[in-house]
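Report on one structure; see the data block that follows.
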There are 2 protein chains.
Amino acid sequence: MIATLAALAEPNRLRIVELLRDGPRAVGEISERLALRQPQVSKHLAHLKGAGLVAVRPVAQQRVYQLRAEPFAELAAWTERYRALWAERFDELDAVVDDLKRREKKKKGEPTR
Amino acid sequence: MIATLAALAEPNRLRIVELLRDGPRAVGEISERLALRQPQVSKHLAHLKGAGLVAVRPVAQQRVYQLRAEPFAELAAWTERYRALWAERFDELDAVVDDLKRREKKKKGEPTR
DNA sequence: GGAGAATATGTCTGTCAAGGAATATATGGG
DNA sequence: CCCATATATTCCTTGACAGACATATTCTCC
């Protein structure tokens, strides 16, 4: 999860992923289309591969990269858990009040930690 | 999008978000529950706020942080665009072949870029 | 208005990652 | 085998950021 997020959190890497969404691409073509220098593309692809976001397949002397489904499925599943957010949001004020009360009672000389 | 991903890509920040999923929390309580030092929590919350992931609400001298729905909705929407990935995946080989052929014809002295 | 609690901010340090340029490694063709 | 193409790897410099610690700010209450 963290690996997936970290891999996607870099602008050029996200552009690469968006491009690969339309289908597999060789390094040179990614470099062309996104106007990035080839070594950078290779490095970003290595990063994406390390995070499990892409798979490689050699074709002659080219390497064709392609998105892997799993991480995106996991990300979708993770995000789903937050769907409740854009629904009811107000019954939780009670919880806050409870928390404050509980913390009030616990008031002791706890170090700042 | 990038801001959202970058904010979530840090382990402790993700833990904070996961905690806030259960409802709003004051800084001190986050610090307690996650065993993080208070200044770090404040900084992470500042980061999350800068990315628009949380909103603050003062309650006495406490600051109660709470998740905002929009970024999560956007993330869910973005992820949805990749749902096609865990479906058909093989008709794209044709596209690759086409690409290779096209690149073959274009073969000229283009700088390495 | 002063004390204490809750939170924010500043400084320092170490680490990590990205971009640039050069170079190494494969791969196919004549 | 040597050359050209495609890609990967290395070295360097620079900037961002997380953690630790100390300190400032803000609020409440007496």
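Letters go in sequence order (proteins before strands), and every chain restarts at 1. Just so you know, these numbers use all the heavy atoms, side chains as well, and skip hydrogens, waters and symmetry mates.
The interatomic distance linking I16(B) (CD1) with dA18(D) (C1') rounds to 12 Å, in whole Å. Atom P of nucleotide dG19(C) and atom CG of L34(A) are separated by 12 Å, given to the nearest angstrom. Across the protein-nucleic acid pair, I2(A) atom CD1 and dC17(D) atom P stand 16 Å apart, rounded to whole Å. Atom CD in Q40(A) sits roughly 17 Å away from atom P in dT13(D) (whole-Å rounding). Between the CD1 atom of I30(A) and the P atom of dA6(D) there is a distance of 14 Å, given to the nearest Å. Atom C1' of nucleotide dT7(D) and atom CZ of R57(A) are separated by 16 Å, given to the nearest angstrom. Remark: C1' of dA16(D) and CZ of R13(B) are 11 Å apart, rounded to the nearest angstrom. Put simply, CZ on R63(A) is 10 Å from P on dG28(C), counting in whole angstrom units.
Ring orientation note: the planes of F72(B) and Y82(A) are close to parallel, at an angle under 30° on the 30°/60° scale.
Less than 4.0 Å separates DNA chain C from at least one heavy atom of each of the following residues of residues 44-55 of chain A: H44(A), H47(A).
Applying the 3.5 Å distance criterion, the base of dA6(D) shares no donor-acceptor pair with the side chain of Q38(A). A donor N or O paired with an acceptor N or O is not found under 3.5 Å between the base of dT7(C) and the side-chain atoms of K43(B).
The two atoms that bring P71(B) and L53(B) nearest to each other are CB-CD2, 3.2 Å, heavy atoms only.
Between Y65(B) and E10(A), the residue whose closest nucleotide on DNA chain C is further toward the 5' end is Y65(B).
Between the R68(A) side chain and the V54(A) main chain, no donor and acceptor come within less than 3.5 Å of each other. In this structure a side-chain-to-backbone donor-acceptor pair under 3.5 Å is missing from S31(B) to V27(B). Although no hydrogens or angles enter the test, the distance criterion places no donor-acceptor pair under 3.5 Å between the side chain of R57(B) and the main chain of R63(B).
Which of dA6(D), dG19(C), dG10(C) sits closest to the side chain of Q62(A) comes down to dA6(D). For Q61(B), counting side-chain heavy atoms from C-beta on, the closest listed nucleotide (dC27(D), dG28(C), dT7(C)) is dC27(D).
Taking side-chain N and O atoms only, R37(A) has no distance below 4.0 Å to OP1 or OP2 of dA18(C).
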(request) Using the side chain to side chain contact (heavy atoms under 4.5 Å, CB included) rule, take I16(B) and L48(B) through it: C-alpha gap first, then chi angles, then the decisive distance, then the call. (result) CA-CA 9 Å; I16(B) 293 177; L48(B) 289 171; 4.0 Å; yes
(request) Determine, stepwise, if the pair E29(A) / Y65(A) fulfils side chain to side chain donor-acceptor pair (under 3.5 Å). (result) CA-CA 11 Å; E29(A) 208 192 340; Y65(A) 285 81; over 6 Å; no
